[in-house]
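Numbered from 1 within each chain, the chains take letters A, B, ... in sequence-line order. Since the structure is predicted, the reported quantities are computational estimates derived from the model, not experimental observations.
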Number of protein chains: 2
Amino acid sequence: MTEPGTPIRVILADDELLLREAVMTLLALEDGITVLGTAATGAEAVELVRKARPDVAVLDLEMPTQDGIEAAAEIQLIAPGTRVVLLTRHARPAVLRRALDAGVSAFVTKATSVKELPSILRSVASGGRYVDGAVATAALSESNCPLTEREIDVLRESLDGATIRVIAERTHLAPGTVRNYISTAMTKLGAANRVQAARVAWNEGWI
Amino acid sequence: MTEPGTPIRVILADDELLLREAVMTLLALEDGITVLGTAATGAEAVELVRKARPDVAVLDLEMPTQDGIEAAAEIQLIAPGTRVVLLTRHARPAVLRRALDAGVSAFVTKATSVKELPSILRSVASGGRYVDGAVATAALSESNCPLTEREIDVLRESLDGATIRVIAERTHLAPGTVRNYISTAMTKLGAANRVQAARVAWNEGWI
DNA sequence: CTTCGTAGCTGACAAATGTCATTCCGGCGA
DNA sequence: TCGCCGGAATGACATTTGTCAGCTACGAAG
């Protein structure tokens, strides 16, 4: 993909200026890496990729307007040559799966050392893939999510405290059916109500 | 507090290795600043302060075992000479108030530029105070929190989906009273249930 | 073809929740 | 001193929610 000797051209997107600047500065000091620019939102990142055509785009997962995965999917369309490195705060197996589906080349948590970043970027730029070790093992072992598809849908919709009627509308199900799914999910997760169930499932990375 | 010419001795605590390392590296490059060490949890930070006796301790708000404010309060006790700079992700006026009560000398968000950090540290080390501009104005203008003390207590307890009985026990109130407070809070915030009310209040920085 | 499992739905019931009117009590200003 | 207000509580009530049993439809396995 990138010939040896040619510097890797990188952009960096994160909504926290402190982290963005700090990492950018350190990456820029690195031999063989050129930082073309930074972005604070998903939309900005996509726009920057469109203009600058970097080899690698490092995207934070949690960003305003568009999260890292949505931005990654869009980047695949408009700049197939750009590899995406997804940066995330919490390592959640379900997110890893969505990220890989979106065509992300590397999955890195913020518990990674800055010193490892350059080699990850180089590896990705030359066509490699990288998945954070802890997340990878978690993804393998924690595939035993006890929830069914619909239970996950319903729980996800109830994360923001929506009422059952609203959840029913959003999932195109009957209210009674929603209550049944919530009920089974609650017993599976040992929760006292749907809010707690949603929290548990979220923490486990299942929704 | 610190004589001119003497380097400022700093420690840095944040649970994200990436940010911790990156900021530490950049601070260490700065003239007149010595980084004595870093910590990943509140407890580690307190322990590090006890041993190293830094001039300034930069603490992230969100950390395991002890959040930055709890750690700051403890540091005031064991090392009164150490000034605390609180670093936070989201600028929330209520948190600012709690932080100032805990004796924090500076309140900085992660939307701050790394370049501003050294001057903030210097100012704090010489006895000054600093509050992030956006947060300060927000704290002044957003003093119009419509909730009363008890409503805030009750909403805070219901953030994790606790049942009314549990909230009543935790707040030492009668269940009916809890429901009344929740009800008034919900109407004030225009929410359909206590979960939404808690979310709204949280986003506004009121709890 | 029958059986089984699963998705989806319904209805009934009990418990939890939200709403409202009302009461009691300790300040606090007029 | 009186009256008003905010905190706390109670009781009654309607609504929402969680539980449970049972129904239909449909595809896969037997």
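- Residue A:N193 places no side-chain atom within donor-acceptor reach of the base of C:dT17, judged by atom type and a 3.5 Å distance cut-off alone.
- Look at CD1 on A:I152: it is 16 Å from C1' on C:dT6, rounded to the nearest Å.
- Here the nucleotide nearest the side chain of B:L173, chosen from D:dT17, C:dG8, D:dA8, is D:dA8.
- No side-chain heavy atom of B:T171 sits less than 4.5 Å from a side-chain heavy atom of B:R150.
- The side chain of B:T177 contributes no N or O atom lying less than 4.0 Å from OP1 or OP2 of D:dA8.
- Distance, A:R179 CZ to C:dA16 P: 16 Å, rounded to whole Å.
- Straight-line distance from the CG atom of B:L147 to the P atom of D:dG7: 12 Å, rounded to whole Å.
- Residue A:T163 places at least one side-chain N or O closer than 4.0 Å to OP1 or OP2 of D:dT17.
- Close to D:dG7, at under 4.0 Å from its OP1 or OP2, lies a side-chain N or O of B:T148.
- Heavy-atom nearest nucleotides on DNA chain D were determined for B:V178 and for A:A192, and the one closer to the 5' end corresponds to B:V178.
- No side-chain heavy atom of B:V114 sits less than 4.5 Å from a side-chain heavy atom of A:T25.
- Regarding B:D153, its CG atom lies at a distance of 11 Å from the P atom of D:dG7, rounded to whole Å.
- Summarising the geometry, the separation between CZ on B:R150 and P on D:dG6 is reported as 14 Å, rounded to the nearest angstrom.
- Salt-bridge formation is detected for the pair B:E30/B:R122: a Lys NZ or Arg NE/NH1/NH2 atom is positioned less than 4.0 Å from an Asp or Glu carboxylate oxygen.
- The pair A:D160-A:R170 counts as a salt bridge, with a side-chain nitrogen and a carboxylate oxygen less than 4.0 angstrom apart.
- Residue A:I164 contributes atom CD1, which lies 13 Å from atom C1' of C:dT17 at whole-angstrom precision.
- Within the structure, a side-chain polar atom (N or O) of B:R165 is placed less than 4.0 Å from OP1 or OP2 of C:dA16.
- Rounded to a whole Å, the NZ atom of A:K188 is 16 Å from the C1' atom of D:dT19.
- In this structure, A:N180 atom CG and D:dT17 atom C1' are separated by 12 Å, rounded to whole Å.
- Here B:D60 pairs with B:K110 in a salt bridge; the nearest charged N to carboxylate O distance falls below 4.0 Å.
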